[in-house]
Amino acid sequence: MEPRAKFLGHAIHQMLIPFPLGVLGIAVVFDVIALITARHTGLFLAAHYMIAAGVISGLLAAVFGAIDFFAIPRATRAKRVGTLHGGGNVLVVLLFAASWYLRREVPTDPSMLALILSFAGFAVSGLTAWLGGELVSQLGVGVHDDAHLDAPSSLRRRPAR
């Protein structure tokens, strides 16, 4: 099934998702580097701004993802995977938004809870990214009208027919 939200013939959601994934991932990288080095003030501050950018761009990507999601037929594997993908990404944005909120007072010295929330969001984003890949690569959602919306999981190593 082709995407409902397109720009110049391509799925808008698929164009936007690299931004939140990238900046939220870099925020975690900055946090980790800050934790293991003595030059942490600037890195924690950069992570703070990266999280803000990731949450905003994640919300924008979600709008276009929702448009495509509601076009997936009910009672298909694609709808179930899409539900997990979308719900998981809501959780990712909430975890990072909470981390960003906790950092607001002193962004150069985040609490342990703020760091844990961003690390948890990063871990969940790995799963939701895989689910998004499953939707596109295995099930054909947002790629073509002849999608295989009930294809088996790519983990089963059986071809989609």
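Just so it is clear, the model here is predicted, and its values are computed rather than measured. Scope of the values below: all heavy atoms of this structure, side chains included, with no hydrogens, waters or symmetry mates. Residues take their numbers from the sequence shown, with the count starting at 1.
Contact record, Val81 with Leu131: CG1-O, 3.7 Å, taken as the closest heavy-atom pair. The two atoms that bring Trp100 and Ala52 nearest to each other are NE1-CB, 3.4 Å, heavy atoms only. Across Ala34 and His40, no two heavy atoms sit closer than the pair O-CB, 3.3 Å. Across all their heavy atoms, Leu135 and Ala78 have their closest contact at CD2-O, 3.5 Å.
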Pair up each side-chain donor or acceptor in residues 85-95 with any protein partner under 3.5 Å, not counting sequence neighbours, and list the distances.
| unit_1 | atom_1 | unit_2 | atom_2 | d |
| --- | --- | --- | --- | --- |
| His85 | ND1 | Thr128 | O | 2.8 |
| His85 | ND1 | Gly132 | N | 3.4 |
| His85 | NE2 | Asn89 | ND2 | 3.4 |
| Asn89 | OD1 | Thr128 | OG1 | 2.7 |
| Asn89 | ND2 | His85 | O | 3.2 |

Cut-off 3.5 Å, no hydrogens considered: what does the side-chain donor-acceptor table look like for residues 16-26, sequence neighbours left out?
none

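In this structure, CD in Glu134 is found 11.0 Å from CG in Leu84, a value given to the nearest 0.5 Å. For the atom pair Ile116 CD1 and Asp31 CG, the distance stands at 11.5 Å (nearest 0.5 Å). Distance check, rounded to the nearest 0.5 Å: CZ of Phe44 to OH of Tyr49 gives 15.5 Å. Here Asp109 contributes atom CG and Arg103 contributes atom CZ; the two are 10.5 Å apart, rounded to the nearest 0.5 Å. A distance of 11.5 Å separates OG in Ser111 from CD in Glu105, rounded to the nearest 0.5 Å. Interatomic distance, CG of Leu115 versus CE of Met112, reported as 5.5 Å (0.5 Å rounding).
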request  = Please step through side chain to side chain contact (heavy atoms under 4.5 Å, CB included) for the pair Phe96 and Val28, ending with a clear verdict.
outcome  = CA-CA 10 Å; Phe96 275 104; Val28 170; 3.9 Å; yes
task = Let me see the working for Arg80 and Thr76 under side-chain hydrogen bond (donor to acceptor under 3.5 Å, both in side chains), right down to the final yes or no.
result = CA-CA 7 Å; Arg80 292 187 300 277; Thr76 61; over 6 Å; no
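For the pair Lys79 and Phe69, the cation-pi test (distance below 6.0 Å, angle within 45°) is passed.
Ile51 and Ile33 are members of different hydrophobic clusters when ILVMFWY side chains are connected at heavy-atom separations under 4.5 Å. The hydrophobic clustering, which links ILVMFWY residues whose side-chain heavy atoms are closer than 4.5 Å, places Phe119 and Leu43 apart. Transitive grouping of hydrophobic side chains (ILVMFWY, heavy atoms separated by less than 4.5 Å) brings Leu59 and Phe122 into a common cluster. Ile56 and Tyr101 fall into different hydrophobic clusters, where Ile, Leu, Val, Met, Phe, Trp and Tyr are joined by side-chain heavy atoms under 4.5 Å apart, directly or via other members.
Counting heavy atoms from C-beta outward, Leu45 and Phe30 have side chains that stay 4.5 Å or more apart.
A distance-only check finds a donor-acceptor pair linking the side chain of Ser99 to the backbone of Ala114 [under 3.5 Å].
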